Amino acid sequence: MEDIVSLCKRRGFIFQGSEIYGGLAGTWDYGPLGVTLKRNITNLWWKMFVEDRDDMFGVDAAILMNQKVWQASGHTTGFNDPLVECSECKTRLRQDHIENDKCPNCGKVGKFSEPRQFNMMFKTSVGPVEDESSTSYLRPETAQGIFTNFKNVVDSIYPDFPFGMAQVGKAFRNEISPRDFVFRGREFEQMEIEYFVEEKDWEADFEKWKGEFYKWFEAIGLPKSMVHELDVPESDRAHYSKKTIDFEFDFPFGKSELYGLAYRTDFDLKNHEKSSGKKLQYTPKEGGQPFVPHVIEPTFGVDRTILAVLVACYKEDEVNGEKRSFLALPDALAPVQYVVSPLVKNKPELVKKAREVYGAMKKKYGAVLWDDNSNVGKRYRRADEIGVPKCITIDFDTLEDDAVTVRDRDTTKQTRVKISEL
RNA sequence: GCGGGUGUAGUACAACGGUUAGUAUAUAAGUUUUCCAAACUUGGGACGGGAGUUCGAUUCUCCCCACCCGCACCA
């Protein structure tokens, strides 16, 4: 973990938020390479789950929502956990988890402090006047922005059934203790789908979505052996869910939740119907009664994905007896696709030719870096560390045969390729 | 939020109640270099923040902030 945190800082992937002021707990900023890695991940996800399908529709809802949304979803009550502390063993517990005033940790009775409120939502005030009616929250999940737009999408797109809605965006939770680098932050990004199904089909669709997760794991290079399914027992499930599977990943700090797949029933749409007075139903095109769909929710944390990818791809080996560390990122995720260099930098004709190749590659692929620092071996190592799949070196032969050396990150093998075929 | 620990260049570390805070690496400029971290020269770069003790604090004390470990929490 220390290697990864250090690498992220040194090479411009991820920095501590507000660092020059001593930081702000639970916030992280993405640097030049990090933001590209992140975009590559969200773009790949969007392509796979939205663009490549004809049953999925994207939205990008506002982070601020009418406070009634959070009342209907149960967040203003369910997210407000009164905590008490046992004065004997200093354990902090949710008040509603205590039976008979007895501490489940040390067994002492009647030793609890007064309950303190812990609101997991960031409260804010919308508009110039701060009063109760102006209170809103930074959304603690992106899902509600999908439910509140269900009717809009049905009315504007007329989708066939079943269909889903997808969203990538920020969510905020005032975590009691942010931990483990970007794993648990107070501000984070989610890639979320609400897939609407008929109640009778939920189990089959749940299984289908489980399969989709494994396609995704493969696409981003997470080995199956590092992923574990956890069938979340009822006592640990959210109030709305009848079945939840956590996909846990072997992080350096232990096996922890990476993604979740939940069957949310019709809990959300039903509550929003009741609360808003609007019909949130789907009318079958082939005729039949309008109904409130049930929901399968696959949810993917972006920041956790980045951490998992870095963990899975961080490798060390030896080249000519020297230790080498590299990121074996899948091509689709690598923030830099190619590094172009002249073999040596004090020969103008080499540099000129290399600049030409660099210019052409940059124009075509965008994520291409120029590097003429030091010697070729060092440049390879530096490129390895940030996961560049291929390095291109222009040498003296290039001036004769218009071919270059292409060196592979994972195998360190070199091949000769014509410039026209790059 | 509780208990414990840590905080010194970008990174990883060192030293010190007192002259110019050191090493490696990274980085910048230059010389050199014909395929996997070569060498040399030169340059820039740090005591997390604030109080206190002291003639003098990066060093000791307290508070704050952040990070790490454990506990609890994680809708």
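Letters A, B, ... mirror the listed sequences (proteins, then strands); counts begin at 1. Source: prediction; values computed, not measured. Heavy atoms only: backbone and side chains are in, while hydrogens, waters and symmetry mates are out.
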Checklist entry - Just wondering, are more than 12 heavy atoms of other shown residues or ligands nearer than 6.0 Å to CD in A:Glu316? => result yes
Next on the checklist: Do A:Tyr30 and A:Cys8 make a side-chain contact, defined as non-hydrogen atoms from C-beta onward lying under 4.5 Å apart?
Outcome noted: no
Next on the checklist: Give me the distance, rounded to whole Å, that separates B:U41 from B:C35 when you measure between the C1' atoms they each carry.
Outcome noted: 26 Å
Next on the checklist: Could you tell me how far B:C40 sits from B:A26 if I compare only their P atoms? Round to whole Å.
Outcome noted: 12 Å
Checklist entry - Between the side chains of A:Asp201 and A:His294, does any donor sit under 3.5 Å from an acceptor? => result no
Checklist entry - Of the candidate nucleotides B:C35, B:A26, B:C67, which contains the atom at the shortest distance from the side chain of A:Arg382? => result B:A26
Item to check | Atom-to-atom span, CG of A:Asp408 to C1' of B:C36 - whole angstrom | outcome: 13 Å
Checklist entry - Over how many whole Å does the gap from A:Asn373 atom CG to B:A37 atom P extend? => result 15 Å
Checklist entry - Are A:Tyr380 and A:Thr393 linked by a side-chain donor-acceptor pair shorter than 3.5 Å? => result yes
Checklist entry - Can you tell which of B:G10, B:U32, B:U34 lies closest to the side chain of A:Lys9? => result B:G10
Item to check | Atom C1', compared across B:C2 and B:U58: separation rounded to whole Å | outcome: 30 Å
Checklist entry - Atom CD1 of A:Ile176 and atom C1' of B:G70: how far apart are they, to the nearest Å? => result 16 Å
Checklist entry - C1' atom, B:G18 versus B:G1: distance in rounded Å? => result 42 Å
Checklist outcome for this item: Picking from B:C69, B:C35, B:A66, the nucleotide nearest the side-chain atoms of A:Val376 would be B:C35
Checklist entry - Counting only distance, no hydrogens or angles, is the base of B:C73 paired donor-acceptor with the side chain of A:Ser177 under 3.5 Å? => result no
Checklist entry - Under 3.5 Å, is there an N or O donor on one side and an acceptor on the other linking the side chain of A:Arg379 and the base of B:C36? => result no
Checklist entry - Side chain of A:Val344: nearest nucleotide among B:U33, B:C69, B:C36? => result B:U33
Checklist entry - Does A:Phe396 stack onto the base of B:U34, taking stacking as ring centres under 5.5 Å apart and planes under 30° apart? => result yes
Next on the checklist: Taking only the P atom of each, what is the distance from B:G7 to B:A12 in whole angstrom?
Outcome noted: 13 Å
Next on the checklist: Check this one for me: any side-chain N or O of A:Lys378 less than 4.0 Å away from OP1 or OP2 of B:A26?
Outcome noted: yes
Next on the checklist: With rounding to the closest Å, how many angstrom separate the P atoms on B:U11 and B:C47?
Outcome noted: 13 Å
Next on the checklist: Please report the distance separating the C1' of B:C73 from the corresponding atom of B:C36, rounded so that it comes out in whole Å.
Outcome noted: 49 Å
Next on the checklist: Distance check needed: B:U11 P versus A:Phe13 CZ, whole Å only.
Outcome noted: 16 Å
